[in-house]
Amino acid sequence: MNFWVYPLLVLWTLMGSLIALPALWICRMATGRLVVKIMRWFVWIYGRGCMLIFRPFISLQCCDLNHEQMPNPGIIVVNHLSFFDTYLLSLLPVFDINICLRSWPFRMFWYSFFMRTADYLNMEDSSWEEIVAAAEKVKQKEHYMIIFPEGHRSRTGKLRRFYSGAFKLATELNLPVLPLCVTGTYELQPPGRWWMKPAQIKLKLLSPVFPDAYSGERAHVDMRKDVHQQMADAIERMENDRECR
């Protein structure tokens, strides 16, 4: 698996880097779309290509990844087990998404330019006002924002506590939260291990959680706890059942 995946990932990344700028110019001239939107489409295609590279070595099940399950605009919250989780985002039926990440991916020179051109958000280097402004832009344009509420990858493979940021945005801006559950990527490659091994991976989008069900000063806290519990229950079912239901 490692002799197949790593060389092809490097080759696919190099090819994408070389053709991205001329392709961006051509798409801009041909369609008149914003550069940000085109680059997000490119990143989505790149993720799909990465999934094809991994596909011979993973068993993949996707549940409820459809437009009907995704009111827009909205904030998608995802549990985080492995670097591979970001590639899974390409399986969503939408590509125009503001992905919010910690600062380290922005320091990877082979990704940094594309992430900044796609206007992805560096959560560690952004003030709360900048984060709110980004969420307001998502709401205005009826797009999506993706946040990993645990903050970083789980070191145990278990769901960690959530930070409140995503839920404060949801309650302050009246945006629904779309919980996205991932299992199996910890077995593929947990934090701290460079080699990969085959794994059974499941991806399930839960029903949206709307902020108008919560009120008061602790609305975002109550929403955070409810979403965490729903995701914990769903992840347990996904890990114990053969089928992703």
Side-chain angles (χ1 to χ4, degrees), residues 1-13 16 43-70 75-95 97 99-102 104-105 108 111 144 146-160 162 177-208 227-245:
M1 177 180 183
N2 293 280
F3 284 116
W4 168 273
V5 169
Y6 279 123
L8 286 183
L9 277 180
V10 171
L11 181 60
W12 177 233
T13 301
V43 172
W44 185 75
I45 292 173
Y46 170 78
R48 291 263 170 153
C50 292
M51 291 300 303
L52 290 176
I53 293 171
F54 280 95
R55 197 66 181 91
F57 306 98
I58 61 173
S59 170
L60 181 63
Q61 295 185 43
C62 299
C63 295
D64 301 321
L65 296 188
N66 53 65
H67 288 283
E68 292 73 20
Q69 196 82 345
M70 299 182 65
I75 298 175
I76 302 170
V77 295
V78 193
N79 63 303
H80 202 9
L81 300 167
S82 168
F83 91 101
F84 184 76
D85 298 337
T86 53
Y87 295 133
L88 288 175
L89 301 179
S90 66
L91 298 176
L92 290 169
V94 293
F95 69 87
I97 298 173
I99 303 176
C100 306
L101 299 163
R102 299 183 70 193
W104 69 266
M108 302 168 75
Y111 285 147
Y144 300 93
I146 287 182
I147 297 178
F148 296 92
E150 295 164 283
H152 51 78
R153 293 171 294 175
S154 171
R155 294 286 172 176
T156 63
K158 302 298 181 183
L159 189 67
R160 295 167 50 87
F162 285 174
V177 167
L178 287 64
L180 182 62
C181 300
V182 176
T183 63
T185 55
Y186 186 83
E187 287 70 27
L188 182 136
Q189 189 179 37
R193 195 183 77 198
W194 68 267
W195 70 92
M196 294 171 281
K197 63 180 184 180
Q200 182 181 31
I201 295 171
K202 297 178 183 177
L203 192 64
K204 181 176 176 61
L205 187 64
L206 306 184
S207 298
V227 171
H228 187 279
Q229 187 62 55
Q230 289 182 32
M231 292 182 70
D233 293 342
I235 289 170
E236 183 178 5
R237 291 193 300 271
M238 292 163 68
E239 291 175 337
N240 294 331
D241 296 344
R242 291 183 61 86
E243 298 296 328
C244 177
R245 297 191 294 269

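Note that the structure is a prediction, hence the values are computed from the model and not measured.
Rounding to the nearest 0.5 angstrom, the gap separating the CG atom in D233 from the CD atom in E236 is 7.0 Å. From L159, atom CG reaches atom NE2 of H228 across 4.0 Å, with rounding to the nearest 0.5 Å. Distance check, rounded to the nearest 0.5 Å: SG of C62 to CG of L203 gives 5.0 Å. Distance check: L88 CG to M51 CE gives 5.0 Å after rounding to the nearest 0.5 Å. With rounding to the nearest 0.5 angstrom, the CG atom of L65 is 7.0 Å from the CG atom of L91. Taken to the nearest 0.5 Å, the CG atom of L178 stands 5.5 Å off from the CG atom of L205.
Looking at heavy atoms from C-beta onward, M238 lies out of side-chain contact with D241 at the 4.5 angstrom threshold. Using a 4.5 Å cut-off on side-chain heavy atoms (C-beta onward), L92 and Y144 make no contact. Between I146 and L180, every side-chain heavy-atom pair lies at or beyond the 4.5 Å cut-off. Counting heavy atoms from C-beta on, the side chains of D85 and V78 never come closer than 4.5 Å. Side-chain contact between Q61 and Q200 is present, with at least one heavy-atom pair separated by less than 4.5 Å. Two residues are said to be in side-chain contact when any heavy atoms from C-beta on lie closer than 4.5 Å; F148 and T86 meet this criterion. No side-chain heavy atom of R153 sits under 4.5 Å from any side-chain heavy atom of T185. For the pair M196 and F57, the minimum side-chain heavy-atom distance is 4.5 Å or more.
The two residues P191 and R155 make their nearest non-hydrogen contact at CB-NH1, 3.2 Å. Heavy-atom minimum distance, M1 versus K197: SD-C, 3.4 Å. Looking at every heavy atom in both residues, L89 comes nearest to I99 through CD1-CD1, 4.1 Å. Heavy-atom minimum distance, S154 versus K158: OG-O, 2.8 Å. The two residues G184 and A199 come nearest to each other via the heavy atoms O-CB, 3.5 Å. Nearest approach of N2 to P7, heavy atoms of both residues: O-CD, 3.6 Å.
Without hydrogens or angle criteria, R237 side chain to N240 main chain gives no donor-acceptor distance under 3.5 Å. Under a 3.5 Å cut-off, the side chain of N79 and the backbone N or O of V182 do form a donor-acceptor pair.
Looking at residues two or more places apart in sequence or on another chain, you find a side chain to side chain donor-acceptor pair (under 3.5 Å) between Q189 and Y6.
Relative ring orientation between W44 and F95 is described as tilted, the plane-to-plane angle lying within the 30° to 60° band. Using the six-membered ring where Trp is involved, F54 and Y87 have ring planes that are tilted, between 30° and 60° apart.
Using modelled atom types and a 3.5 Å distance limit, the side chains of Y186 and T156 yield no donor-acceptor pair.
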